[in-house]
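Below is one structure, written out as structure tokens; comments come after it.
When a residue number appears, it is its place in the shown sequence, counting from 1. Note that the coordinates shown come from a computational prediction; the quantities given were computed from them, not determined experimentally.
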Amino acid sequence: IDSTLHKDEGLAPLLNSSDFWLALLPSEDGIQYLFSVGTENRISEDQLQQFIDQFSTQDDELSNYHGAITHHRMGFHYTIYKGLWMFSTHKSALELAIDQVTAGTTLLTDKNFKEVWNTKGDFIDANVFVNYSKFPQLPITLTDSNYHRLVGQLSQFSSWSELDMTIKP
């Protein structure tokens, strides 16, 4: 996704100066994902629509979720809300993110996450954060039931951890 966005001259500065977040969320039908990036008023909703229009000419299905105008097109749900561009293939993931932004419950309000955040590397390609209280739910959706008890014990390992990643070409 980021390579496609970098090709658009209007959106490339957004990715060069903002954190790009990917959240993997367990659900009953597998794993949902949510992408988000801070806009900090560097792009307008019109610029975003122009970018999306390059891939599809169909009209968006619009709805209002707690004051956030959400769009649905080509199987994606997205919004720009309170300085964040958030998108997912799952409406429920987007709505959960909107709820958290509305309530002001971000990861940085989690004391344990904030401690790990303060130790992250800054000059790397990606930081991967693992929430051990939620993490076991992800592999359980992908593994045989014989391993569920063992995987479930990971929730007792720690609260959060962080991995610094560097991608070598």
Going by distance alone, is a donor N or O of one side chain under 3.5 Å from an acceptor N or O of the other, for T79 and T70?
-> no
Please list, chain by chain and in numerical order, all residues satisfying side chain to side chain contact (heavy atoms under 4.5 Å, CB included) with S88, sequence neighbours excluded.
-> L34, H90, A93
Given the rule in the side chain to side chain contact (heavy atoms under 4.5 Å, CB included) test, do F76 and I52 qualify, once you have shown the distances and angles that lead to the verdict?
-> CA-CA 11 Å; F76 282 95; I52 294 170; over 6 Å; no
Just wondering, more than 12 heavy atoms not from M165 lying within 6.0 Å of its CE?
-> no
With sequence neighbours excluded, give me every salt bridge (Lys or Arg N to Asp or Glu O under 4.0 Å) pair touching residues 59-72.
-> D60-R73
Return the set of residues passing side chain to side chain contact (heavy atoms under 4.5 Å, CB included) with L22 (not counting sequence neighbours), or none when no residue passes.
-> L24, Y33, F35
Residues two or more places apart in sequence or in another chain: which of them pass side chain to side chain contact (heavy atoms under 4.5 Å, CB included) with L84?
-> M86, V101
Kindly write out the residues that satisfy ring pair (Phe, Tyr, Trp, His ring centres under 6.0 Å) with H72, not counting sequence neighbours, or none if the list is empty.
-> H77
Nearest atoms (heavy-atom pairs only) where L94 meets Y78 = CD2-N, 3.6 Å
Only counting residues at least two apart or in another chain, list the ones meeting side chain to side chain contact (heavy atoms under 4.5 Å, CB included) with E162.
-> V116, K120, N127, F129, D164
Applying the 4.5 Å side-chain criterion to the ILVMFWY set and letting contacts propagate, would M74 and I69 be lumped into a single cluster?
-> no
Side chain proximity check, T166 to F123, heavy atoms < 4.5 angstrom = no
